[in-house]
Number of protein chains: 2
Amino acid sequence: MTSALAEFVVGVDNVIFSVDTDANRLLVLLVQRQHWPFAGEWSLPGTLVRHGESLEAAAYRTLAEKICVNNLYLEQLYTFGGPGRDPREADTAYGTRYLSVSYFALVRFADAQLIATGESRVQWFTVHSCPPLAFDHSMILAYGHRRLCNKLEYSPVAFDVLPEYFTLNDLYQLYSTVLGPNFSDYSNFRSRLLKLGILQDTQQKVIRGAGRPATLYRFDREAFAPLKDKPLVFV
Amino acid sequence: MTSALAEFVVGVDNVIFSVDTDANRLLVLLVQRQHWPFAGEWSLPGTLVRHGESLEAAAYRTLAEKICVNNLYLEQLYTFGGPGRDPREADTAYGTRYLSVSYFALVRFADAQLIATGESRVQWFTVHSCPPLAFDHSMILAYGHRRLCNKLEYSPVAFDVLPEYFTLNDLYQLYSTVLGPNFSDYSNFRSRLLKLGILQDTQQKVIRGAGRPATLYRFDREAFAPLKDKPLVFV
DNA sequence: ACAAAAGTGTTAGAAGTACACCCATGT
DNA sequence: ACATGGGTGTACTTCTAACACTTTTGT
């Protein structure tokens, strides 16, 4: 004897982070809702999954609708599917459920062009000063933020959003803006990273304003491959 | 212009682990399917989500239908929702999708009673010698196994499946059956755990066969509370 | 007496932490 | 010359891994 199955509409919501290293700000992309429910409020960019479309494809599509970006990291975050998380459920007598599979993304700030479609507003907010969000999106954001910190510490996501050639300082800025002020000091970060042997020293130097020229490095994917799934620590 | 939304049936599949420390075996619970598709093949225990039921509730229900257990740890694992993962999709012209939210559980082996309902078979398999699974369940199992190892190393899940009073050897057996042979040696494991200060030394001793009596410890939840979300290492 | 299980100690090396200091460039 | 950012070195502590050893029980 089985009771009635729930009917579902499945959506994807993205927590899209970006790091503005110049201004030392960790940003998250929010959109302002145009329609009921929560019209006028800010929320994570999301979409409903289409016929024949994979979840990940839906996540990429949402992302591509809001920003134009070439370099990013994306992975599934968590699925929120309890009853009562979307007011639209109440519409239908037998309450179709709105399930949200959330994805977490990190994109390169420099080449992320926001797409302004008509009157819908899309905007970066610093994570620590963003408005209360529609639905349960504040919770999703918090969850995503925790994941971002972990990912940065234990896997090489940073290299997905850095330019191909970067200085150790670029890398350090990225880490310290995300991980906050009580992050490791530069000198130790430096030696730890170099000791890992996954950074290729291109002999090139780059001069940015005053100061000694900085060495340009690149991420050495081949050297990293054997270290994959090993408990690497980048902290 | 939006294309057709996918329609979904949402299911929950559980990767239920248990550790038989006596026989040094890591076990996973499988059920033998009775009906099409994959009739006769083994799969993870799962269910479809009912009206008004949360995902987690569905996961608990599935678990309770197969085994009777009081002590367990359960958390969401991953969501698999691509098109084509369930042959039943092909039935309906407009292909209702079968989405699976997977959960991962660790249960206490000693008090886990398998529930044999009629002819449906439920059985423990050692993780390293289990049959090929229906659907994409082999992938889900692999994913769950990885998560189990991580959880054990970084969070105190072990104490959810150990009895309230346990010896350090009980704990060590649990860890080494899950984490395999090249796990830390007993002496180092011991001092690391004790140094964390989260084990309460009840002055009681227990004698099991020959050998010096072992001290009974209990997990000190209050002492652990402040260490929560800190990067603890139990390895 | 001896095996078996529990528990302690030691040591060499690696890794982490907090600094002080030197180097190359622009102004 | 000196401020600025890049880069090196060091002294100290803590962690890790491997292993030898002592203690308390049953037989």
Side-chain angles (χ1 to χ4, degrees), chain A residues 21-24 149 152-154 158 162-163 165-177 179-218 227 230-235, chain B residues 21-24 152-154 162-163 165-177 179-218 227 230-235:
Chain A
T21 40
D22 291 337
N24 248 261
C149 295
L152 216 54
E153 295 187 33
Y154 301 120
L162 280 174
Y165 300 94
F166 53 86
T167 70
L168 276 172
N169 221 7
D170 293 339
L171 188 58
Y172 181 69
Q173 292 308 324
L174 179 64
Y175 269 84
S176 53
T177 47
L179 265 27
N182 44 2
F183 177 61
S184 159
D185 94 344
Y186 176 63
S187 139
N188 294 328
F189 175 79
R190 188 187 166 73
S191 38
R192 197 174 312 118
L193 258 291
L194 289 177
K195 200 167 34 181
L196 287 176
I198 57 176
L199 296 186
Q200 221 171 66
D201 181 341
T202 78
Q203 303 293 335
Q204 304 172 68
K205 306 283 175 186
V206 66
I207 298 176
R208 309 222 259 245
R212 178 174 173 173
T215 306
L216 284 175
Y217 290 87
R218 68 190 299 180
L227 304 175
K230 295 269 143 65
L232 258 197
V233 178
F234 290 83
V235 176
Chain B
T21 40
D22 292 338
N24 250 263
L152 217 55
E153 295 187 33
Y154 301 121
L162 280 173
Y165 299 95
F166 53 86
T167 70
L168 275 172
N169 220 7
D170 293 338
L171 187 58
Y172 181 69
Q173 291 309 325
L174 179 64
Y175 269 85
S176 53
T177 43
L179 265 27
N182 45 2
F183 177 61
S184 159
D185 93 345
Y186 176 64
S187 142
N188 294 327
F189 176 78
R190 187 187 167 73
S191 38
R192 196 175 312 117
L193 258 289
L194 290 177
K195 200 166 34 178
L196 287 176
I198 57 176
L199 296 185
Q200 221 172 66
D201 180 341
T202 78
Q203 302 294 335
Q204 304 172 66
K205 307 282 177 189
V206 66
I207 298 175
R208 310 222 258 247
R212 178 174 173 174
T215 306
L216 285 175
Y217 290 87
R218 68 191 297 182
L227 303 175
K230 295 271 144 62
L232 259 195
V233 178
F234 290 83
V235 175

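The sequence lines fix the lettering, A, B, ..., with proteins before strands; numbering per chain opens at 1. Just so it is clear, the structure is predicted and the values come from calculations on it, not from any experiment. The figures here come from the full heavy-atom set of this structure, side chains too, leaving out hydrogens, waters and symmetry mates.
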Whole-Å distance separating the [atom1] atom of [X] from the [atom2] atom of [N]:
| X | N | atom1 | atom2 | answer |
| --- | --- | --- | --- | --- |
| R190(A) | dT8(D) | CZ | C1' | 8 Å |
| Q173(A) | dG5(D) | CD | C1' | 11 Å |
| R212(B) | dA5(C) | CZ | P | 14 Å |
| L194(A) | dT8(D) | CG | P | 7 Å |
| Y186(A) | dC21(C) | OH | P | 20 Å |
| F189(B) | dG9(C) | CZ | C1' | 19 Å |
| N188(A) | dA14(C) | CG | P | 18 Å |
| Y172(A) | dG6(D) | OH | P | 12 Å |

Looking at dA6(C), does its base get a donor-acceptor pair with the side chain of N169(B) below 3.5 Å? no
Distance criterion of 3.5 Å, no angle test: do you see the side chain of S187(A) paired donor-to-acceptor with the base of dG9(D)? yes
Only one of T202(B), T167(B), L194(B) passes side-chain contact (heavy atoms from CB on, under 4.5 Å) with Y217(B); say which it is. L194(B)
Classify R208(B) by what it touches in the nucleic acid, base, sugar-phosphate, or nothing, heavy-atom distance under 4.0 Å. nothing
Check whether any side-chain heavy atom of L193(B) lies under 4.5 Å from a side-chain heavy atom of L199(B), and answer yes or no. yes
Give a yes/no on whether any side-chain N or O of T215(A) is located under 4.0 angstrom from OP1 or OP2 of dG7(D). yes
dT24(D), dC19(D), dG7(D): which one has an atom nearest the side-chain heavy atoms of P213(B)? dT24(D)
Closest-nucleotide ordering on DNA chain C, the 5'-leading residue of S184(A) and G209(B): G209(B)
Using side chain to side chain contact (heavy atoms under 4.5 Å, CB included), reason through R208(B) and V206(B) one step at a time and then give a plain yes or no. CA-CA 7 Å; R208(B) 310 222 258 247; V206(B) 66; 4.1 Å; yes
Nearest heavy atoms of Y186(B) and L168(B), plus distance in Å: OH-CB, 3.9 Å
Can you tell me how far the CG atom of L171(A) sits from the CZ atom of R190(A), to the nearest 0.5 Å? 11.0 Å
